[in-house]
> 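Before I ask anything, let me first share the structure, which is written out below as structure tokens.
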Amino acid sequence: MFARGLKRKCAEDEEAVPAYSLQRQSLLDMSLVKLQLCHMLVEPNLCRSVLIANTVRQIQEEMTQDGSWCVPVPQTAGRASRDRLVSTEILCRSAREGARPAPDPGDPASELQVVPAAQAPGAPPGGAWDGDGPRENRGSFHKSLDQIFETLESQSPGAVEELFSDVDGSYYDLDAVLTGMVGGAKSGQDGLEAFASAAAPPPSASCKSDLGELDHVVEILVET
Amino acid sequence: MFLKFSLRSVFYGAGGGNDIQWCFSQVKGAVDDDVAEDIISTVEFNHSGELLATGDKGGRVVIFQQEQENKIQSHSRGEYNVYSTFQSHEPEFDYLKSLEIEEKINKIRWLPQKNAAQFLLSTNDKTIKLWKISERDKRPEGYNLKEEDGRYRDPTTVTTLRVPVFRPMDLMVEASPRRIFANAHTYHINSISINSDYETYLSADDLRINLWHLEITDRSFNIVDIKPANMEELTEVITAAEFHPNSCNTFVYSSSKGTIRLCDMRASALCDRHSKLFEEPEDPSNRSFFSEIISSISDVKFSHSGRYMMTRDYLSVKIWDLNMENRPVETYQVHEYLRSKLCSLYENDCIFDKFECCWNGSDSVVMTGSYNNFFRMFDRNTKRDITLEASRENNKPRTVLKPRKVCASGKRKKDEISVDSLDFNKKILHTAWHPKENIIAVATTNNLYIFQDKVN
């Protein structure tokens, strides 16, 4: 899944891919995964989420200036591109948030967004960040989740909601597994040995292998 | 003055002038580091240093008390033994948000002692509690109506009247919750700090700081609120806050963007406008996508004198003069060799670890933790630093700790450890220094180490 997701945004850059650009892209992907994983925790650490979201924004801004950020063509209902600039709030919300109509997709600097998904019935109040305000419909978390879980057989947003309709203990175990995967902490390796060996190739190499395992684990999740 | 310490600086070891030689004293906790609930989450000496409190992930508080010095065996200071253990916080469930509230103790702060009892504040993510710890070493005996075991006597057998008397009993230490300060924080509490007036205290979460009176639990004053009207615009959170040790109207709070704001409560009710803003301009040569994350301040502590404050960010410790806002007066690199590993540390989330820092009693030395169970001390006068390890390997009492050294690159010398061999799961986040003596408490994941300087 992630191998597919890591393909270049702009086809014309494909011949001369600079290492920095690849690293930046994989950092962006890693950050988005981290933010998505936030939603599986009970209550995400706000400081961590803000820092990751700021990092994502920095990368996106730089990519926009570089011109390597292709403004996506307005899409039809269905899968939205992960390439959109995302607002901080959208990037990290509870899994059970509802959807909101998208602002103009042609403006790369606008906050998000993406096709509305059906609202989970009886979704509990509060997003990951907004702990006390009235529950408004925010941008669609379901869509960005949808991108992560591309292996879902049924692509309807409803399937995503069902997936999160009752979070039980198995998700916490998965979280531990996924965190370990993303962190590259394979069994028996306490330190940075994993990264020392990958020191010569760019970080994206180790990221990709970890993300491949993530892909595998996600498939297992989806099939249960 | 900007001071950077390279790894090539020589450490003057045992026998070197006035340098302290640190010795192992005690270690507390299980040998197997497996129980999650035992993870130590905070360590704090009381004002006299006689008591040492720890809080853990399971919501428990354990207080150790220093033995009175044995005059005959004066080769070491008194040992710390368990004085009291109690369950401070329990896990709760927020039904409105369907979220569990962790019972983990985030911070403990002691009140100065006013009478025979001791008081401390302990907090989890949402609720602060004032605990009274008192000793009972006498009990009344000789009741008229009750037997010694508590059974009531048959009234017809009572023929005389006597006054119960207090007789000595085995020391019992009781902890009771005297105040519960709840429902004032939407976000997770990261700091509590008692004011120098000893009547009020502040509690800070990610976006707000509240001022409480120790006697009043049903209301608090919001003194800082950085929550944006639109949460989508949130880019900065509060990471730590502390009252000035002498000025009861002054406090500081640090942010995830590496700034510290000093506020004066006399200026206005809501201290949204800072009196001073402390921020060091970014070094453009070190700029990366991780610059902001590593600039995020994880701890801020005033010196005992109140003239300086210390901040800890991911790679360094900075000392600020309160009269100079544009840069710190001293900077100490904790583990600069990690700068080239930031991407990996971001990937495994270590870059978000929140290290604390502390001053010694005379404000001449500062200490903070690192990875591989290493901790670092920086002497502000001699400009020398040392790396020590908290490990059960050298746990014979009065064993002098051997300085450790990390080899950043190139040929590793004997006894050095290479960066890639460091264990990033063994992190020392919490350390504390006795207010008067050279006794330090260092918390590894679930063990508490106590070290003392060598007494001849």
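Each chain gets a letter, A, B and so on, in the order the sequences are listed, and its residues count up from 1.
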> Could you tell me which portion of B/Ser288 (side chain, backbone, both or neither) has an atom closer than 4.5 angstrom to a non-hydrogen atom of chain A?
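Backbone only.
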
> Between B/Thr239 and chain A, which part of the residue has a heavy atom less than 4.5 Å away: side chain, backbone, both or neither?
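Contact with chain A: side chain only.
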
> Among B/Asn372, B/Asp205, B/Val237, which has the most heavy-atom pairs under 4.5 Å with chain A?
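It is B/Val237.
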
> Give the minimum heavy-atom separation between B/Ile293 and A/Thr55, together with the two atoms involved.
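For B/Ile293 and A/Thr55, the tightest heavy-atom pair comes out as CD1-OG1, 3.4 Å.
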
> Count the heavy atoms of every other residue, nucleotide or ligand shown that sit under 6.0 Å from CZ of B/Arg287, and state whether that count exceeds 12.
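Yes, because the 6.0 Å sphere around CZ of B/Arg287 holds more than 12 heavy atoms from other groups.
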
> Heavy-atom distance under 4.5 Å to chain A: side chain of B/Phe289, backbone, both or neither?
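For B/Phe289, backbone and side chain are both near chain A.
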
> Would the number of heavy atoms belonging to other residues, nucleotides or ligands and lying under 6.0 Å from CG of B/Asn183 be above 12?
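Open: at most 12 neighbouring heavy atoms sit under 6.0 Å from CG of B/Asn183.
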
> Heavy-atom distance under 4.5 Å to chain A: side chain of B/Glu102, backbone, both or neither?
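Neither part; nothing is under 4.5 Å.
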
> Do the side chains of B/Glu292 and A/Leu51 get nearer than 4.5 Å, heavy atoms only?
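Result yes, sub-4.5 Å side-chain heavy-atom pair found.
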
> Does a side-chain heavy-atom distance below 4.5 Å link B/Cys343 with A/Gln23?
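Side-chain contact under 4.5 Å: no.
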
> Side chain from CB out, backbone as N, CA, C, O: work out which of these in B/Ser296 comes under 4.5 Å of a heavy atom of chain A, or both, or neither.
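Looking at B/Ser296, just its side chain touches chain A.
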
> Taking the side chain as every heavy atom from C-beta outward, state whether A/Leu46 and B/Leu234 have any atom pair closer than 4.5 Å.
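In contact.
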
> Quick check: are there more than 12 heavy atoms from other residues, nucleotides or ligands sitting under 6.0 Å from NZ of B/Lys257?
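Check passes, neighbour count above 12.
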
> From B/Asp353 CG over to A/Arg48 CZ, what is the distance, rounded to the nearest 0.5 angstrom?
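CZ of A/Arg48 is found 11.0 Å from CG of B/Asp353.
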
> Quick one, A/Asn45 and B/Phe352 - any side-chain contact, counting heavy atoms below 4.5 Å?
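Answer no - side chains too far apart.
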
> Is B/Tyr371 in contact with chain A via its backbone, its side chain, both, or neither, using a 4.5 Å heavy-atom distance?
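Neither part.
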
